[in-house]
Amino acid sequence: LQAVQGLWRANSGVRIRIDGVEASSLGRLDVGEDGELSMQLGSKRFLGRCSGDSEADEVAQVVNWDDGDVWTRLAGPAAYHFPLTGPTAAIWRAARCWRELGTWRSEVRRGEARFKSAEAISKSLSDEII
């Protein structure tokens with residue numbers, strides 16, 4: 001998966017960031033023994049091929065998917081990749097989890113505020129009717 005790390009653009013113009021095994025907002029990427037990429041989107045599995053040799057850690061420039069979509073590289077991977085195991089990786093995973101937890105907390109607070117606003121509107125409308 002090292003060959004596909006970075007920022008990509010699909011035919012539709014949507015930007016996709018591949019970080020580790022995650023393709024942002026899409027799902028997880030897997031690599032088969034033959035170097036073929038696969039990604040599960042809902043109930044359908046898509047297969048893709050890189051323009052470069054992903055086994056040799058060559059940075060791919062294009063990914064062709066079996067549904068006809070083509071991803072073109074916009075930006076390469078970060079200059080330094082943290083190891084997937086060990087204390088450094090644990091710290092970065094913890095930081096990422098903390099950031100995601102903060103994002104969820106913010107969304108919950110926004111949801112609470114929207115709910116309270118909807119209740120106030122509902123109450124004011126019911127008061128006008130009575």
Side-chain angles (χ1 to χ4, degrees):
L1 284 175
Q2 190 66 36
V4 294
Q5 301 297 305
L7 185 63
W8 297 82
R9 177 175 288 149
N11 279 348
S12 63
V14 173
R15 290 182 177 202
I16 300 132
R17 176 165 302 284
I18 299 176
D19 183 20
V21 295
E22 295 291 326
S24 61
S25 304
L26 293 177
R28 294 178 65 86
L29 289 171
D30 296 315
V31 178
E33 291 178 13
D34 58 352
E36 189 171 61
L37 294 172
S38 67
M39 181 172 38
Q40 187 80 25
L41 257 164
S43 62
K44 185 156 171 73
R45 179 167 288 285
F46 295 93
L47 301 174
R49 283 243 175 242
C50 298
S51 64
D53 181 10
S54 60
E55 296 296 320
D57 281 343
E58 180 183 324
V59 177
Q61 296 301 316
V62 175
V63 177
N64 295 299
W65 293 95
D66 61 354
D67 66 344
D69 197 12
V70 177
W71 291 4
T72 308
R73 180 178 294 284
L74 293 177
Y80 177 76
H81 296 283
F82 295 101
L84 298 176
T85 59
T88 304
I91 290 170
W92 284 105
R93 277 194 305 272
R96 180 178 290 172
C97 288
W98 185 258
R99 185 187 72 207
E100 290 171 0
L101 181 62
T103 301
W104 281 104
R105 284 183 186 150
S106 297
E107 287 300 317
V108 167
R109 287 186 188 121
R110 283 188 202 112
E112 271 182 323
R114 289 181 187 126
F115 184 73
K116 287 178 183 177
S117 176
E119 280 182 327
I121 291 169
S122 173
K123 184 177 179 194
S124 69
L125 290 174
S126 66
D127 288 346
E128 287 179 13
I129 293 174
I130 296 176

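Below, all heavy atoms of this structure are taken into account, side chains as well, without hydrogens, waters or symmetry copies. Note that the structure is predicted; figures quoted are calculated from it, not measured.
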* About how many Å separate CD1 of Ile18 and CG of Leu29, when rounded to the nearest 0.5 Å? ->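 Leu29 atom CG to Ile18 atom CD1 measures 5.0 Å (nearest 0.5 Å).
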
* Asked: Just how far is it from atom CH2 of Trp8 to atom CD of Gln61, taken to the nearest 0.5 Å?
  ->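 Reported value, rounded in 0.5 Å steps: 6.5 Å.
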
* How would you list, by chain and number, every residue that makes a salt bridge (charged side-chain N to carboxylate O under 4.0 Å, His left out) with Glu112, sequence neighbours excluded? ->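 With sequence neighbours excluded, Glu112 shows a salt bridge (charged side-chain N to carboxylate O under 4.0 Å, His left out) to no residue whatsoever.
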
* Nearest heavy-atom pair of Arg73 and Gly6: which atoms, and what distance? ->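 Nearest heavy atoms, Arg73 then Gly6: NH1-CA, 4.0 Å.
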
Holding to side-chain contact (heavy atoms from CB on, under 4.5 Å), I want the full list of residues that pass it with [X], two or more places apart in sequence or in another chain.
| X | answer |
| --- | --- |
| Ser12 | Ala10, Val14 |
| Val21 | Leu1, Arg28 |
| Ser38 | Asp30, Arg45, Leu47 |

* Asked: Checking Gln5 side chain against Gly20 main chain: does a donor-acceptor pair fall under 3.5 Å?
  ->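 The answer is yes, because a donor-acceptor pair under 3.5 Å joins these two groups.
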
Go through the structure and list residues passing side chain to side chain donor-acceptor pair (under 3.5 Å) with [X], not counting sequence neighbours.
| X | value |
| --- | --- |
| Arg99 | none |
| Arg49 | Asp34 |
| Trp71 | Asp69 |
| Glu100 | none |

Only distances under 3.5 Å count here; give the side-chain donor-acceptor pairs of residues 114-122 to other protein atoms, sequence neighbours excluded, each with its distance to 0.1 Å.
none

* Worked check of side chain to side chain contact (heavy atoms under 4.5 Å, CB included) between Val31 and Leu37 -> CA-CA 5 Å; Val31 178; Leu37 294 172; 3.7 Å; yes

* To do: Could you list all the salt bridge (Lys or Arg N to Asp or Glu O under 4.0 Å) pairs where at least one residue sits in residues 10-20, not counting sequence neighbours?
  =>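 Every pair satisfying salt bridge (Lys or Arg N to Asp or Glu O under 4.0 Å) with a residue in residues 10-20: Asp19-Arg96.
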
